[in-house]
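Data first, discussion second: the structure below is written as structure tokens.
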Amino acid sequence: QVQLVESGGGLVQTGGSLRLSCAASGRTLTTTTMGWFRQAPGKEREFVAAITWGNGITYYTDSVKGRFTISRDNAKNTVYLQMNSLKPEDTAVYYCARRTVYPPGVLRATSGYDYWGQGTQVTVSS
């Protein structure tokens, strides 16, 4: 089992910044990739960013490229999402998730992840 706990959400004005954290515990040694997803009211959960645990390769959805940065601290088993230049359309509940190890889950699909955090609310006011 893997436990994921997100923190760092909140209310921010357009153009502001937030940093989300996701602390992992439990059976984390086999982790290959961690991802961030978000779900806005009335919409499906969507991929935001991912990072490979070993060599730190990053992936982003187009709408956040240049504004969001995903990073990880292997020693702390923590993944971060630095969000800058926030827009009202970034408002959502943000979830971190661990990609399924075997067989490897689809990187940008919710079905490709087997462990999820409880989510943290990010609200961007206009």
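What you see is a predicted model; the values in this text were computed from it and never measured.
Pairs of residues two or more places apart, or lying in two chains, that qualify as salt bridge (Lys or Arg N to Asp or Glu O under 4.0 Å) and include a residue from residues 66-81 are R67-D90.
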Q: Take V122 and V124 through the test side chain to side chain contact (heavy atoms under 4.5 Å, CB included) and record every step on the way to the result.
A: CA-CA 7 Å; V122 171; V124 184; 4.2 Å; yes

Q: Run the numbers on V48 and Y60 for side chain to side chain contact (heavy atoms under 4.5 Å, CB included), then give the verdict.
A: CA-CA 6 Å; V48 176; Y60 298 94; 6.0 Å; no

Q: Given side chain to side chain contact (heavy atoms under 4.5 Å, CB included), test M83 with V64 step by step and report yes or no.
A: CA-CA 9 Å; M83 305 185 295; V64 307; over 6 Å; no

Q. Yes or no on side chain to side chain contact (heavy atoms under 4.5 Å, CB included) for T33 and L107, after CA distance, side-chain angles and deciding distance?
A. CA-CA 8 Å; T33 305; L107 182 72; 3.8 Å; yes

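The nearest pair of heavy atoms linking V12 to L18 is CG1-CD1, 4.1 Å. Between G119 and E6 the shortest heavy-atom distance is N-OE1, 2.8 Å. In terms of heavy-atom proximity, L81 sits nearest to A49 at CD1-CB, 4.2 Å. Across R99 and G105, no two heavy atoms sit closer than the pair NE-O, 2.6 Å. The two residues T30 and V101 make their nearest non-hydrogen contact at O-CG2, 3.3 Å. Between I51 and S71 the shortest heavy-atom distance is CD1-CA, 3.7 Å.
In this structure, OG in S126 is found 9.5 Å from CD in Q13, a value given to the nearest 0.5 Å. In this structure, CG in L86 is found 8.5 Å from OG1 in T14, a value given to the nearest 0.5 Å.
Ring pair F68/Y94 is tilted by interplanar angle, where 30° to 60° counts as tilted.
For the pair T52 (side chain) and I57 (backbone), a donor-acceptor distance under 3.5 Å is present. No side-chain donor-acceptor contact under 3.5 Å links T28 to the backbone of S25.
Within 6.0 Å of CD in E44 there are 12 or fewer heavy atoms belonging to other residues, nucleotides or ligands.
No cation-pi contact links R98 to W116, judged by a cut-off of 6.0 Å to the six-membered ring centre and 45° from its axis. Under a cutoff of 6.0 Å and an axis angle of 45°, R38 and Y95 do not form a cation-pi pair. Taking the centre and axis of the six-membered ring of Y80, the NZ or CZ atom of R19 falls inside the cone set by 45° and 6.0 Å.
In this structure, F47 has its ring center at least 6.0 angstrom away from the ring center of W36.
Defined by atom type and a distance below 3.5 Å, a donor-acceptor pair is present between the side-chain atoms of T123 and Q121.
Side-chain contact check for T100 versus Y115: every heavy-atom pair is 4.5 Å or farther apart.
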